[in-house]
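The structure under discussion appears below in the form of structure tokens.
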Amino acid sequence: MASFPRFRFLAIAVIFHLAYIYSIFDIYFVSPIVSGMRLFEVERPPSQRAPADRLVLFVGDGLRADKAFQSHPEPYPKSDDDLVPRPLAPFLRSKILEKGTFGVSHTRVPTESRPGHVALIAGLYEDVSAVTTGWKMNPVNFDSVFNRSRHTWSWGSPDILPMFEHGAVPGRVDAYMYGHEMEDFSSDALVLDLWVFDHVKELFAEAKTNKTLGDALRQDKIVFFLHLLGLDTTGHFHRPYSKEYLNNIKVVDQGVKEITELIEDFYRDDRTAFVFTADHGMSDWGSHGDGHPDNTRTPLISWGSGVAKPEVYPGEVAPGHDEYSSDWNLDHVRRHDVAQADVAALMAYLIGVEFPANSVGELPLPFLAADLKEKAKASLVNAQGVLEQYRVKEEQKMATELKYRPYKPLSENGLTAERRVADIKKLIQSGNYEEAIEESAALMKIGLGGLKYLQRYDWLFLRALITIGYFGWMAYALTTVVDLHVLHGKVKPSRTLGGTIVFSSVLAALYASFVISKSPPTYYAYAFFPVFFWEGVYARRESIAEGGKQLFGHVKSGASVISLLFNTAIYIAIIVSLALGYIHREILTGLYAIGAFWPVAYGFSFMREHAALSTAWFLSCLAMSTFTLLPAMKTEDVNQIVGGGGIMVLIGLVYLMFEDYILADFSRPSKESSHSQNHFSRTLVGVQIGLTALAMVVTRSSALSLQAKQGLPRGNQIVGWAVLVLSLLMPLAYKLVPSNNSNTHYLHRLLIIFLTCAPTFVILTISYEGLFYVAFSAVLVSWVRLEHAIYRASPAPPPSPEGINHRPLTLPDLRTSLFFLVLIQSAFFSTGNVASVSSFSLESVLRLIPIFDPFSQGALLILKLMIPFALISANLGILNKRLGVAPSALFMTVMAVSDVLTLYFFWVVKDEGSWLEIGSTISHFVIASLLCVFVAALEPVSGVFISGVEVEREEKAEKVVVNGEKNEVVGNRKAEVRI
């Protein structure tokens, strides 16, 4: 195949899938931010003050609700009494029991710091893609409680505070931050929280001698924000059930107590309101990001001026409690749960400022120490803020739609928003406060429904367009595969004037509607691809017909039809299984267990002839089947890390001892074929083995040092980086080795790639991943050899056209592509649940980067994730050559069929339901869509990995071109092909 059509196909695949990945954000998660709204606040006479003059917001980053409220033994016991469980946050608990109101604040995905803080402080939920800016110092381009305040003082992390400081009115928010170097996972994270508490104390101490500061602190409508990162940092490294995390809760509770007493002593007016909560929780495995309940349930405790006292039910279980809170020993105190965005509304009400412009939080009335009239007025103001957002969004939509369809609850029977608001005001004026509260709550729900209606306004059209686009891609890809790799381009595209006019008209009509509607630029891409693909399919209709004859020409008898249908059913069942495997990893265990018996399908004579190979395949499949039965969430196990690395070293040593036997296809080598004379090449293999052993030593030392909380030794960090970099550069050293049979043998090359990635995998492993790396490599090598053995035992394929050095694809090649697809899924899910952000652990990357740096640490995690794909690409590239197909043929086939999964996950993406379901469906779709991008990237990577490799290929009664010379082959002969 010519290089240009191949490159063109890969480029189209990558661009198309990257563009269509973004479609779920245009469809399901449109940004809620708009501007131009009027602001609303509770109107009070000049003589009436707001419920509080000031507010203190404590955010315990990464604090789970259950850990905050449960009882535990002392983390560091000094006596037997310390082993008796007790609340670790006694001060906060005293506020729940005596002074304030508490509950659980439910967050949304992604459970990350930026979205969580935006919901708490601005009252809105950013679209899911906003997590990509989670750690950037970008301006907050929406309103917030801080921006509404008269002044805000904030202390904490440089990853959080700047976005609120730079996004507010200049000079309104003061941010005091520690340096990035303090966010060191290898040291005690308590210092982060202690730094915050100490600097708050310093501010109030200074205010006693600084009149300007003292006057500023005594204004009303001010906010103090304490961001406490220690819990999150401790939880990431030690887990939220560890003694370190539990001790951090004690430290935070003591700090909150000291700051509360400090502020109350400073003002002495009981006019301060306090809110304690968290931006997100944390899984048992020290991570967050997805919608697991441990990540979405956070504590909320509020007390002080304007906050209601606890509702106590002596001797009975108070309303609001469930099984989740059954072990908190708070059953007699009513629990009031809220959505995270509700906290912003609560804070705005307490200090008497306007509700943030984009807030969708519902004011939690049970938290308010107010009479019914005040609550009724506040509820109405809350609803008016949401209705104002609806009004602005509706005006924007009406201005761009040819025929706007209004939201029925706010347009039918004259019940407009203005009419409903007027009716509620009359209820308040007439003293029907409870009815006014109910009507305001109903109006709030209608307003939120209207916002969702406008966000989903283009749903049906976009989903239909995207679906047609994916079907178009699959048809276009299959047509291209048939044209290039079955027919070898002998049938030219056939375009007609009528067809060109039809497809051009469709595209022009779509683009015209987008221009009128002022649609986003992405809409133009969504429309272009379906037209482009289906026009390409139409132009190659003759190729489809001719390819069908060549592929299915042998299907003539009833038995062959039944066999075809049976195989098709199996293929469909496997693809369905792969889709379910995203949710239930155990399905891959079943696929490997069934696949272990694959050689049996070719008869016992085949198995006798290839007994060792069939046994190796069987055992490696059984080994692989165990990994998806193991927990996806892992804890650090140094013994398993060393064990996996030891097997990698052993494999290298066995290769050096039996190199001639291995490179002679596991048979007795002849004296002429001895490969062990290349001492330089063997030395390089020895160096790679040594680097793997060194990686084991330094990883063990680093892990034990970090576990002992002694930090990461500088020498270990340097050696770890040196080993990682040198091991990845080792393949370049083989360029200096003189070309001979050993250096160009495909098994030798696969060993080099295996040992190249082995040290990196050891360094970045926390548990059994090293064992997976060994088993996965064994499966791949067995698969390549078994596929070639089956190919040799099968009937000869159709002859290649004159001058083509690759045989055409046949139906059995679909099986190879299907195996490739299963192996890719296995690379994703065998050692964890890649679909869950929480499945990633930072423990491994802390051996190289102990200080918090999400992008660098994330890059190392991605490197570890990509290593199995490097093995897959190398093995498939060699298999391509051993089977005599074009280098990109099988890659392109996989890209054509893999989007069956993508389209399925596109249709099951949710924006409602539990946040675990929402987060999982998003990640499933993104992974399935990126799968095609991975495959496209693996194709050129494969070419690099196997450059210069020589394989023996079985040629079957066809004309081939070997080393540039045309040869007529009669019967079967072996042709050596240099790649």
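Worth saying up front: this structure is predicted, and the values here are computed from it rather than measured.
- To the nearest 0.5 Å, atom OG of residue Ser929 and atom CD1 of residue Ile21 are 4.0 Å apart.
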CA sep, side-chain torsions, deciding dist, call: Leu300, Phe367, side chain to side chain contact (heavy atoms under 4.5 Å, CB included): CA-CA 11 Å; Leu300 175 62; Phe367 280 74; 3.6 Å; yes

For the pair Tyr582 and Phe905, evaluate ring pair (Phe, Tyr, Trp, His ring centres under 6.0 Å) and give the outcome as yes or no after the intermediate values. CA-CA 10 Å; Tyr582 278 64; Phe905 288 123; 4.6 Å; yes

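- Put simply, the side chain of Thr902 gets close to the backbone of Ala928: a donor and an acceptor are under 3.5 Å apart.
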Atom pairs and distances, donor-acceptor, side-chain atoms in residues 461-472, under 3.5 Å, two or more places apart:
from: Thr467; atom 1: OG1; to: Arg463; atom 2: O; distance (Å): 2.7
from: Thr467; atom 1: OG1; to: Trp907; atom 2: NE1; distance (Å): 2.9

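- Checked by atom type, the side-chain pair Asp61/His117 shows no donor-acceptor distance below 3.5 Å.
- Scanning both residues, Ala345 and Gly361, for their nearest heavy atoms gives CB-O, 4.0 Å.
- Between the CG atom in Leu120 and the CD atom in Gln340 there is a gap of 4.0 Å [rounded to 0.5 Å].
- Using cut-offs of 30° and 60° for the angle between ring planes, the Phe164 and Phe146 rings count as perpendicular.
- Within the 4.5 Å cutoff, no side-chain heavy atoms of Tyr453 are placed close to those of Leu410.
- Salt-bridge formation is detected for the pair Arg335/Asp322: a Lys NZ or Arg NE/NH1/NH2 atom is positioned less than 4.0 Å from an Asp or Glu carboxylate oxygen.
- At a threshold of 4.5 Å between non-hydrogen side-chain atoms, the residues Val343 and Ile121 do not count as touching.
- A distance-only check finds a donor-acceptor pair linking the side chain of Asp279 to the backbone of Gly62 [under 3.5 Å].
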Could you go through Phe69 and Ile301, starting from their C-alpha distance and side-chain angles, then the distance that decides it, and tell me whether this counts as side chain to side chain contact (heavy atoms under 4.5 Å, CB included)? CA-CA 11 Å; Phe69 297 132; Ile301 308 168; 3.8 Å; yes

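- In this view, Glu362 and Lys445 satisfy the salt bridge (Lys or Arg N to Asp or Glu O under 4.0 Å) rule, not counting sequence neighbours.
- We find that Lys397 and Glu394 are not joined by a salt bridge, their nearest charged nitrogen and carboxylate oxygen being 4.0 Å or further apart.
- Between Tyr324 and Trp328, the two ring planes are perpendicular [angle over 60°; tilted spans 30° to 60°].
- Seen from the ring of Tyr457, Arg405 counts as a face-on cation partner, given the 6.0 Å and 45° thresholds.
- Between Ala278 and Thr298 the shortest heavy-atom distance is O-OG1, 3.6 Å.
- Across all their heavy atoms, Ser359 and Val386 have their closest contact at O-CG2, 4.0 Å.
- The aromatic ring centroids of Phe16 and Phe533 lie less than 6.0 Å from each other.
- Using a 4.5 Å heavy-atom threshold, the side chains of His292 and Ser283 count as separate.
- Heavy-atom contacts from other residues, nucleotides or ligands closer than 6.0 Å to CD of Glu434 number 12 or fewer.
- Expressed to the nearest 0.5 Å, how far CG of Asp294 lies from OG of Ser287 amounts to 10.0 Å.
- Across all their heavy atoms, Asp337 and Val104 have their closest contact at OD1-N, 3.0 Å.
- The aromatic rings of Tyr524 and Phe514 sit perpendicular, their planes meeting at an angle over 60°, well past the 30° parallel limit.
- Looking only at distances, no side-chain donor or acceptor of Thr107 sits under 3.5 Å from a matching main-chain atom of His280.
- Side-chain contact between Val223 and Met347 is absent, with no heavy-atom pair separated by less than 4.5 Å.
- For Thr296 (side chain) and His106 (main-chain N/O), no donor-acceptor pair under 3.5 Å exists by modelled atom type.
- Atom CG of Leu903 is separated from atom CZ of Phe925 by 9.0 Å, given to the nearest 0.5 angstrom.
- A salt bridge is absent between Glu439 and Arg420; no separation between the charged side-chain nitrogens and carboxylate oxygens falls under 4.0 Å.
- In this structure, Lys377 does not pair ionically with Asp371, as no charged nitrogen and carboxylate oxygen lie closer than 4.0 Å.
- Of the possible donor and acceptor atoms, one in the side chain of Asn382 sits under 3.5 Å from a partner among the backbone N and O of Leu363.
- Across all their heavy atoms, Asp143 and Ala122 have their closest contact at O-CB, 3.2 Å.
- Under the 3.5 Å distance criterion, the side-chain polar atoms of Lys373 are left unmatched by any main-chain donor or acceptor of Tyr433.
- The main-chain N or O of Tyr20 is found under 3.5 Å from a side-chain atom of Ser23 such that the two form a donor-acceptor pair.
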Mind running salt bridge (charged side-chain N to carboxylate O under 4.0 Å, His left out) on Asp284 and Arg64 for me, showing each step along the way? CA-CA 10 Å; Asp284 281 342; Arg64 278 169 46 167; 2.7 Å; yes

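- For the side chain to side chain donor-acceptor pair (under 3.5 Å) with Tyr349, the lone residue among Lys375, Glu374, Glu41 that qualifies is Glu374.
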Test side chain to side chain contact (heavy atoms under 4.5 Å, CB included) applied to Trp534 and Val506, step by step: CA-CA 11 Å; Trp534 287 109; Val506 170; over 6 Å; no

Would you sort out whether Leu454 and Tyr407 count as a side chain to side chain contact (heavy atoms under 4.5 Å, CB included), showing the intermediate values? CA-CA 8 Å; Leu454 293 174; Tyr407 180 53; over 6 Å; no

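- Side chains of Phe274 and Val307 form no contact here, defined as non-hydrogen atoms less than 4.5 Å apart.
- Looking only at distances, a side-chain donor or acceptor of Thr277 sits under 3.5 Å from a matching main-chain atom of Pro299.
- Annotation: Arg44, atom CZ; neighbour count of heavy atoms from other residues, nucleotides and ligands within 6.0 Å is above 12.
- You'll find the side chain of Gln396 stays beyond 4.5 Å of the side chain of Lys518, heavy atoms only.
- Annotation: side chain of Trp473 is in contact with side chain of His17 (closest heavy-atom distance under 4.5 Å).
- At a threshold of 4.5 Å between non-hydrogen side-chain atoms, the residues Asn432 and Glu438 do not count as touching.
- Put simply, the side chain of Asp232 never gets that close to the backbone of Leu229: no donor and acceptor are under 3.5 Å apart.
- Atom OG of Ser113 is separated from atom CD1 of Ile160 by 4.5 Å, given to the nearest 0.5 angstrom.
- Between Leu507 atom CG and Phe529 atom CZ the span is 11.5 Å, to the nearest 0.5 Å.
- The heavy-atom pair separating Ala376 from Ser440 by the smallest distance is O-OG, 4.4 Å.
- Within the 3.5 Å criterion, the main-chain N or O of Ala318 finds no donor-acceptor partner in the side chain of Arg334.
- Listed by chain and number, the residues in a side chain to side chain contact (heavy atoms under 4.5 Å, CB included) with Lys425 are Leu380, Gln384, Val421 (sequence neighbours excluded).
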